[in-house]
Amino acid sequence: MSSEKYPLLMHIDSPVYLRQLEKSQLSEVADELRQYLIDTISQCGGHFAAGLGTVELTVALHYMFNTPDDRIVWDVGHQAYPHKVLTGRRDQLQTIRQTDGLHPFPVRTESEYDTFAVGHSSTSISAALGMALAAKQQGLDRHCVAVIGDGALTGGMAFEAMNHAADTDANILVILNDNEMSISENVGGLNKYLAKLLAGRFYQRVRETGKKALHNIKPLSDFVSRAEEHMKGMVLPGTLFEELGFNYNGPIDGHDLPTLLNTLNNIKELKGPQFLHIVTRKGKGYEPAENDPIAYHGVPIFDPKDTSLPKGKKPKTYSNIFGDFLCDIATKDERVVGITPAMREGSDLIRFSREFPERYYDVGIAEQHAVTVSAGLACEGLKPVCAIYSTFLQRGYDQLIHDVALQNLDVLFAIDRGGLVGGDGATHNGAFDLSYLRCIPNMVIMTPSDENECRQCLYTGYLYEGPVAVRYPRGMGSGIEPEQTFTPFPIGKGSIKRRGEKVAILAFGSMVQTAMEAAEQIHATVADMRFVKPLDEELIRQLAETHEQFITIEENAIMGGAGSAINEFLLNNDIQIKVKNLGIPDRFVEHGDTKELFKRIGLTAEDIIKSL
Ligand SMILES: Cc1ncc(C[n+]2csc(CCOP(=O)(O)OP(=O)(O)O)c2C)c(N)n1
Ligand SMILES: CC(=O)[C@@H](O)[C@H](O)COP(=O)(O)O
Ligand SMILES: [Mg+2]
């Protein structure tokens with residue numbers, strides 16, 4: 001780190017050093033910190049725009065609060081890179097998301113300043129409230145702060161937590177970091193409400209005094225246009241947050257460090273649930289990111305001097321295969337509707353949202369609701385396609401059972417990011433879906449092994465009248481261009497990819513390719529099982545009769561997964577054959593390069609051979 005470029009930052013090895021600085025030096029710290037993020041993340045990739053927006057907030061929080069004794073909980077944690085830099089991890093930032101490098105999000109094992117492991121949205125208020133209640137019980141005078149974005153605030157858990165907090169006298173501070181963006185544009189009534197709130201508060205000259213913590217708040221010039229849009233005929237009631245029982249403060253400019261510092265200093269003195277609404281800009285300080293925060297939400301390595309991210313024709317990802325399928329099928333069938341819980345880009349519903357805006361629903365970061373609203377749509381004869389990441393569907397598990405499967409409703413789940421996801425690590429791996437889906441009655445589950453199978457599985461799922469899941473991995477497959485014509489698979493039928501002898505590898509989804517590599521060397525048979533449920537029982541029987549050993553392989557937890565389904569079938573049908581199950585072991589798999597991770601967890605062609 002150069003002392004010329006970062007004269008203050010290079011000495012901040014922890015917030016203790018930050019707190020030794022004069023207040024007047026903090027703007028310089030913020031500038032250096034922002035520059036450091038740009039310089040570093042452009043070289044290693046990672047979450048980018050959100051962190052640029054929280055630079056001043058991070059400096060102010062660590063300056064005003066006695067961290068780590070005071071607790072800061074970052075919601076999701078993708079905006080916590082500045083926090084990592086100020087809390088002793090400055091020089092490791094360049095390793096973030098890489099194998100053995102810094103974790104992508106805060107995690108308790110990495111630093112005492114990371115008070116709670118995050119990654120999934122909308123947990124911060126519950127966690128901070130738990131900490132605040134514990135402090136009360138333990139007689140500790142401790143501040144507990146949750147920092148939550150306007151996107152994360154759309155998640156139901158945030159409201160469950162506020163509802164509870166308001167019923168306590170816990171000393172919790174909720175900071176709403178409002179940048180009017182989720183990954184894509186934020187959506188929904190709450191988002192509109194926040195815009196109105198900003199507008200109204202800007203014009204409101206006379207505020208209730210006394211209980212409020214804010215003094216000398218400067219009008220925010222960029223509120224003006226939003227204000228004018230929303231002011232007509234508006235009455236200013238107490239805010240929703242006040243009605244819930246919080247002491248609402250704000251809105252203030254989250255990039256105005258002196259105001260932030262003053263406000264936090266004042267709020268610190270107040271007791272009970274406090275709410276501070278700050279307004280920031282996603283991508284702040286790096287113009288291309290300010291102009292296109294969606295593209296700069298998460299970035300690959302890029303040249304910061306160039307105003308565009310690296311482009312070039314890339315092979316299609318599984319998400320792209322899904323996006324194309326959805327548009328094609330929606331053209332043929334007007335009952336088809338697409339649902340996403342705030343992952344338009346990641347799940348690739350971009351073209352669908354443009355071509356079929358009336359049939360496209362971004363429901364916010366609300367997976368539970370995404371599942372049940374799909375159920376409601378199905379009740380009325382539409383054909384909902386719920387596009388969801390495997391890891392986030394964990395949020396909608398009861399809804400899947402109670403609202404969809406129990407009523408045998410016709411919903412197609414396009415489950416993306418099944419298996420290891422790489423840089424996002426343990427919080428985002430789709431390691432459990434085959435286990436948690438296959439025990440649900442009525443579910444049909446498919447695991448396509450390449451891009452064409454993916455398209456045809458989606459079509460098969462579309463034709464099937466009941467709850468059905470097609471589960472595919474992050475990124476590209478083997479680069480196969482899928483056939484445009486649709487050819488549905490018979491339900492519950494796999495296929496033999498290669499005939500060998502003695503050993504049969506029963507492979508699911510992404511692992512079919514790995515199985516083929518191993519089979520070449522050991523002359524094994526490979527079955528692309530395709531269906532986790534119903535299993536191709538006839539195929540299993542035939543293979544058992546003609547082979548001496550089975551190896552099952554899947555990119556899912558071994559426990560309860562597809563291999564377990566085969567074990568159960570063999571056991572219940574008195575079929576005697578030696579079986580080895582390969583899959584994700586019984587531990588959380590960290591972030592990093594997926595090839596390396598597969599080696600570490602024993603899911604390579606060599607591991608198949610070794611397992612004999
Ligand atoms: C349960 C869950 N669903 C979806 C996501 C994916 N996700 C990560 S960040 C994000 C947007 C968050 O928006 P906001 O809280 O406003 O933060 P900002 O990026 O604007 O700072 C989404 C949808 C997630 N992490 N967790
Ligand atoms: C923080 C978060 O949850 C998202 O930003 C996630 O990292 C996106 O993952 P993909 O890159 O796989 O879409
Ligand atoms: Mg936001």
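Just follow the structure's listing: the first ligand is 1, and inside any ligand the first atom is 1. Keep in mind the model is a prediction, meaning the values are calculated, not measured.
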Minimum-distance protein heavy atom relative to atom 25 (N) of ligand 1: G119 O, 2.9 Å
Under 4.0 Å to a heavy atom of V76 - the qualifying atoms of ligand 2, by number: 1 (C)
Qualifying residue for side-chain contact (heavy atoms from CB on, under 4.5 Å) with F322, from V385, D416, V470: V385
For the Mg ion (ligand 3), every protein N/O/S atom that sits closer than 2.8 Å, waters excluded: D150 OD1, N179 OD1, M181 O
Residue of the set H83, H78, H428, H120 for which ring-ring contact (aromatic ring centres under 6.0 Å, His included) holds with F105: H428
Backbone N/O of C386 and side chain of S374: donor-acceptor pair under 3.5 Å: no
H428 heavy atom under 4.0 Å from ligand 2: yes
R417, portion touching ligand 2 at heavy-atom distance under 4.0 Å: side chain
Salt-bridge criterion met for R89 and E110 (N-O under 4.0 Å): yes
Any Y360 side-chain heavy atom under 4.5 Å of L349 side chain: yes
Interfacing atoms of ligand 1 (cut-off 4.0 Å, heavy-atom, A152): 14 (P), 15 (O)
Ligand 1 contact by M343, heavy-atom criterion under 4.0 angstrom: yes
Sidechain-backbone polar pair: T154 side chain, I365 backbone, donor-acceptor under 3.5 Å: yes
Shortest protein contact, atom 8 (C) of ligand 1 (heavy atom only): V76 CG1, 3.9 Å
Residue, atom name and distance, where the atom is the protein heavy atom closest to atom 5 (C) of ligand 1: F392 CZ, 3.3 Å
Sub-4.0 Å atoms of ligand 2 with respect to non-hydrogen atoms of F105: 1 (C)
Donor-acceptor contact below 3.5 Å, side chain R71 vs main chain H143: no
Closest protein heavy atom (residue, atom, distance) for atom 16 (O) of ligand 1: G151 N, 2.6 Å
Ligand-residue contact atoms, ligand 1 with A50, heavy atoms, under 4.0 Å: 19 (O), 21 (O)
Sub-6.0 Å ring centroid separation between Y286 and F48: yes
Ligand 2 contact by V421, heavy-atom criterion under 4.0 angstrom: no
Derivation and outcome, salt bridge (charged side-chain N to carboxylate O under 4.0 Å, His left out), residues R455 and D324: CA-CA 9 Å; R455 182 168 164 93; D324 289 346; over 6 Å; no
Within-cut-off N or O pair, H78 and ligand 1, under 3.5 Å: yes
Heavy-atom pair of closest approach, residues E554 and L603: O-CD1, 3.8 Å
Nitrogen or oxygen atoms of S121 and ligand 1 under 3.5 Å apart: yes
Backbone N/O of S182 and side chain of K282: donor-acceptor pair under 3.5 Å: yes
Residues D424, R97; criterion salt bridge (charged side-chain N to carboxylate O under 4.0 Å, His left out); working and verdict: CA-CA 6 Å; D424 275 339; R97 299 166 61 85; 2.6 Å; yes
Atom 11 (O) of ligand 2: nearest protein contact (heavy atom, Å): R474 NH2, 2.9 Å
Salt-bridge present (D114, R108; N to O < 4.0 Å): no
Exam field: side chain D150 to backbone E180, donor-acceptor pair closer than 3.5 Å: yes
S182 heavy atom under 4.0 Å from ligand 1: yes
M181, any N or O under 3.5 Å of ligand 1 N or O: yes
Side chain, backbone, both or neither: the part of I183 lying under 4.0 Å from ligand 1 by heavy atom: both
With sequence neighbours excluded, residues passing side chain to side chain donor-acceptor pair (under 3.5 Å) with D303: none
Location of contacts on N179 toward ligand 1, heavy atoms closer than 4.0 Å: side chain
Sub-3.5 Å N/O-N/O distance, H120 and ligand 1: no
V373 to A370 - nearest heavy-atom pair and separation: CG1-O, 3.5 Å
Test: R90 and E32 ion pair at under 4.0 Å: no
Numbered atoms of ligand 1 (with element) below 4.0 Å of G149, judged on heavy atoms: 14 (P), 15 (O), 16 (O)
Polar side chain donor-acceptor pair, R417 to S319, under 3.5 angstrom: yes
Backbone or side-chain N or O of I365 under 3.5 Å from ligand 1 N or O: no
Close approach, H47 and ligand 2, non-hydrogen under 4.0 angstrom: yes
Atoms of ligand 1 close to E367 [distance to a heavy atom under 4.0 angstrom, numbered from 1]: 1 (C), 2 (C), 3 (N), 4 (C)
A342 neighbourhood, listing ligand 1 atoms whose heavy-atom distance to it stays under 4.0 Å: 23 (C)
Contacting atoms of ligand 2, where contact means under 4.0 angstrom from a heavy atom of D424: 6 (C), 7 (O), 8 (C), 9 (O)
